[in-house]
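Structure record follows, encoded as structure tokens.
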Amino acid sequence: MTIRRISSGGEFEAKIGYCRAVVAGGFVHVAGTVGQGDTVVEQCRAALATIEKALAEAGASFADAVRVTYYLPDAAEFEPCWPLLRAAFGDNPPVATMIEAALIDPKFRIEIELTALAPA
């Protein structure tokens, strides 16, 4: 089995020692991803864009997603993100979990982790 690693060049990848995505075992595993912006919606939009880019580099898309996990320090902020998530996944929603948890920096309002089927 081959393993392919995809880097986005994000600051935490180098600091912590991980990559944005790994293609292995028939899946694309995308690391927890935060986004820039002042609001949870802006950050969600930016995180989804970073994830979409990693998926595209792996030859996949949101339509191939099988599992997504959302981490938010304040669960009450999740609902404003729902329209963005519905738009991203469309007619191909993955299974999902939302967890209320502290993130690496208090400025971050949402982190998204995703697993998708890898292209055949």
Are Val95 and Met98 linked, directly or through other ILVMFWY residues, by side chains that come within less than 4.5 angstrom of each other?
no
Before giving the answer on side chain to side chain contact (heavy atoms under 4.5 Å, CB included), spell out for Ile16 and Ile104 the whole-Å C-alpha distance, their side-chain angles and the decisive distance to 0.1 Å.
CA-CA 11 Å; Ile16 298 171; Ile104 195 164; 3.7 Å; yes
Out of curiosity, His29 NE2 to Ile3 CD1, how far, rounded to the nearest 0.5 Å?
9.0 Å
Between the SG atom in Cys44 and the CZ atom in Phe78, the distance rounded to the nearest 0.5 Å is 8.0 Å
Qualifying residue, where the test is side chain to side chain contact (heavy atoms under 4.5 Å, CB included) with Ile112 and the options are Leu72, Leu48, Thr69, Thr50
Leu48
How long is the straight-line distance from OG1 of Thr115 back to CG of Asp64, given to the nearest 0.5 Å?
12.0 Å
Ignoring hydrogens, what is the shortest heavy-atom contact between Ala54 and Ala21? Give both atom names and the distance.
CB-CB, 4.2 Å
In the structure I gave you, are the side-chain heavy atoms of Pro83 and Val41 within less than 4.5 Å of one another anywhere?
no
Determine yes or no for a side-chain-to-main-chain donor-acceptor pair under 3.5 angstrom, with Glu77 supplying the side chain and Ile110 the backbone.
no
Locate the shortest heavy-atom distance separating Phe12 from Tyr18; write the atom from each residue and the value.
O-CE2, 3.3 Å
Return the orientation label for the Phe62 and Phe89 ring planes: parallel under 30°, perpendicular over 60°, tilted otherwise.
perpendicular
If you take all heavy atoms of Pro94 and Ala65, which pair is closest and at what distance?
CB-O, 3.6 Å
Enter the distance from Leu114:CG to Phe27:CZ here, rounded to the nearest 0.5 Å.
11.5 Å
Please report the interatomic distance CD(Glu113) to CD1(Ile99), rounded to the nearest 0.5 Å.
8.5 Å
So if you build clusters from Ile, Leu, Val, Met, Phe, Trp, Tyr with side-chain heavy-atom gaps below 4.5 Å, do Leu84 and Leu55 land together?
yes
Going through the distances and angles, do Arg109 and Thr39 end up as a side chain to side chain contact (heavy atoms under 4.5 Å, CB included)?
CA-CA 7 Å; Arg109 309 305 314 146; Thr39 69; over 6 Å; no
Let me check something: do Val68 and Tyr71 share a hydrophobic cluster, defined by ILVMFWY side-chain heavy atoms less than 4.5 Å apart, either directly or through other members?
no
Between Arg20 and Gly32 (side chain of the first, backbone of the second, donor and acceptor by atom type, cut-off under 3.5 Å), is there such a pair?
yes
Measure from the side-chain N and O atoms of Glu13 to the backbone N and O of Ser8, and report whether any donor-acceptor pair falls under 3.5 Å.
yes
Before you tell me yes or no, could you show the steps for Tyr70 and Glu100 under side chain to side chain contact (heavy atoms under 4.5 Å, CB included), namely the whole-Å CA-CA distance, both residues' side-chain angles and the distance that decides it to 0.1 Å?
CA-CA 8 Å; Tyr70 306 101; Glu100 187 174 58; over 6 Å; no
Considering non-hydrogen atoms only, spot the tightest contact between Ala46 and Gly35 and give its length.
CB-CA, 3.8 Å
Distance-only, no hydrogens or angles: does the Glu111 side chain make a donor-acceptor pair with backbone N or O of Val34 under 3.5 Å?
no
In Å, rounded to the nearest 0.5 Å, how long is the span from CZ of Arg4 to CD of Glu57?
6.0 Å
Are Leu85 and Val40 linked, directly or through intermediate hydrophobic residues, by side-chain heavy-atom contacts shorter than 4.5 Å (ILVMFWY only)?
yes
